[in-house]
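Following: one structure in structure tokens, then a few remarks.
Atoms within each ligand, like the ligands themselves, are counted from 1 in listed order. Numbering starts at 1 and runs along the sequence shown.
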Amino acid sequence: MSGKAPDMRVNVAGVELRSPVIAASGTFGYGVEFEDIVSIDRIGGFVTKGLSREPMAGNPTPRIIETAAGMINAIGLQNMGVGPFVREKLPKLAQMKGAVVIANVFGFTIEDCLEVIRVLNESPGIAMYELNASCPNTSHGGMVFGTDPSLLYELVSRTKGASQRPLMVKLSPNVTNIGLMARVASDAGADTVSLVNTFVSLAIDVETRRPRIANVTGGLSGPAIKPIAVRMVHEVSKAVRIPVVGMGGIVNAEDAVEFMMAGATAVQVGTASYADPRAVENIANGLQRWCAKHDVAQVSSLTGSALL
Ligand SMILES: Cc1cc2nc3c(=O)[nH]c(=O)nc-3n(C[C@H](O)[C@H](O)[C@H](O)COP(=O)(O)O)c2cc1C
């Protein structure tokens with residue numbers, strides 16, 4: 001082990017992060033809720049809960065259940081709406097020293113997404129947008145965009161045209177060829193892609209014969225999906241030249257290293273924060289220790305370094 005601390009900085013589409021480990025959308029609130037729990041200046045940044053044009057109540061309960069090595073959720077993109085976010089949360093985020101805020105954007109139509117982007121464009125304190133083209137838990141919008149190449153192209157190109165900040169496009173894993181979808185997003189102007197969102201899934205209570213989630217289906221996340229997510233990150237990193245942000249079941253530093261070796265420039269951590277609210281910081285610190293122990297001077301050198 002050399003004496004010098006490893007350089008943990010990575011650059012995602014022109015945004016420098018002090019660590020590659022980012023908190024994933026929907027699992028870190030609007031960021032302010034974690035102010036006293038996580039040292040925000042130790043993590044790469046966080047992605048807000050998906051923001052829509054109008055406030056959304058989400059789906060009926062039960063909408064979260066635990067599964068073997070994971071969870072199914074069908075929150076249905078409950079959120080306060082972009083206006084209240086800008087008025088009530090952003091000023092508080094501005095006071096959180098060192099916070100890198102990535103705003104997750106969602107809409108039922110392309111026009112909805114553009115309106116959210118226009119409101120956010122007017123607001124300081126946001127580093128990047130993550131466009132959710134992949135939510136499996138709404139009947140229109142969301143995953144519909146992320147599974148149809150021509151719709152995805154239109155969504156991304158128009159959003160990019162309206163966006164005054166770097167655009168990360170979050171891809172759906174519920175497709176047969178995720179490399180193709182990544183290429184479509186890239187050709188349409190995405191600055192970076194993130195993957196994976198959750199996998200459409202179903203759990204049945206065998207006593208009542210009823211679905212365990214009121215929405216019937218939900219999205220599977222957590223360690224159960226990690227090997228599929230790693231495979232998809234690898235495929236996408238081969239298909240595009242823009243940076244890839246990987247996620248799906250990361251619970252420790254080794255998981256983050258695995259995603260980076262598969263081709264990710266940075267990673268996001270979601271479900272792990274439900275088991276341990278400090279998970280993102282612990283994984284960021286653990287990744288730094290891993291690099292020091294393995295004589296990795298620059299964490300960015302791990303990207304795509306697997307011998308595949
Ligand atoms: C409860 C819950 C809510 C989520 N909400 C959102 C969301 O609003 N927008 C989004 O893009 N992804 C959302 N996701 C997906 C996560 O950001 C992430 O892509 C997925 O859970 C896989 O990572 P993980 O296995 O580390 O959780 C949500 C996931 C969970 C578990």
Q | Test item, Tyr274 contacting ligand 1 (heavy atom, 4.0 angstrom) | A |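 Yes; Tyr274 lies near enough to ligand 1 that a heavy-atom distance drops under 4.0 Å.
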
Q: May I ask whether Ala272 has any heavy atom positioned less than 4.0 angstrom from an atom of ligand 1?
A: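 No, Ala272 has no heavy atoms under 4.0 Å from ligand 1.
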
List the closest protein heavy-atom neighbour of [atom]: residue, atom name, distance to the nearest 0.1 Å.
atom                    : answer
atom 21 (O) of ligand 1 : Ser221 CB, 3.3 Å
atom 8 (O) of ligand 1  : Lys49 NZ, 3.0 Å
atom 20 (C) of ligand 1 : Thr198 CG2, 3.8 Å
atom 31 (C) of ligand 1 : Asn73 ND2, 3.5 Å

Q: Return the option from Ser25, Gly26, Gly270 holding the heavy atom at the smallest distance from atom 16 (C) of ligand 1.
A: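 Residue with the shortest heavy-atom distance to the ligand atom: Ser25.
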
Q. When you measure from atom 12 (N) of ligand 1 to each heavy atom in Gln78, Met247, Lys170, which option holds the nearest one?
A.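 Checking each option, the heavy atom nearest atom 12 (N) of ligand 1 is found in Lys170.
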
Side chain, backbone, both or neither: [X] near ligand 1, heavy atoms under 4.0 Å:
X      : value
Val47  : neither
Lys226 : neither
Asn197 : both

(Q) With side chain to side chain contact (heavy atoms under 4.5 Å, CB included) as the criterion, how do Ile72 and Ile64 come out once you've worked through the C-alpha distance, each side chain's angles and the decisive distance to 0.1 Å? (A) CA-CA 6 Å; Ile72 299 177; Ile64 288 192; over 6 Å; no

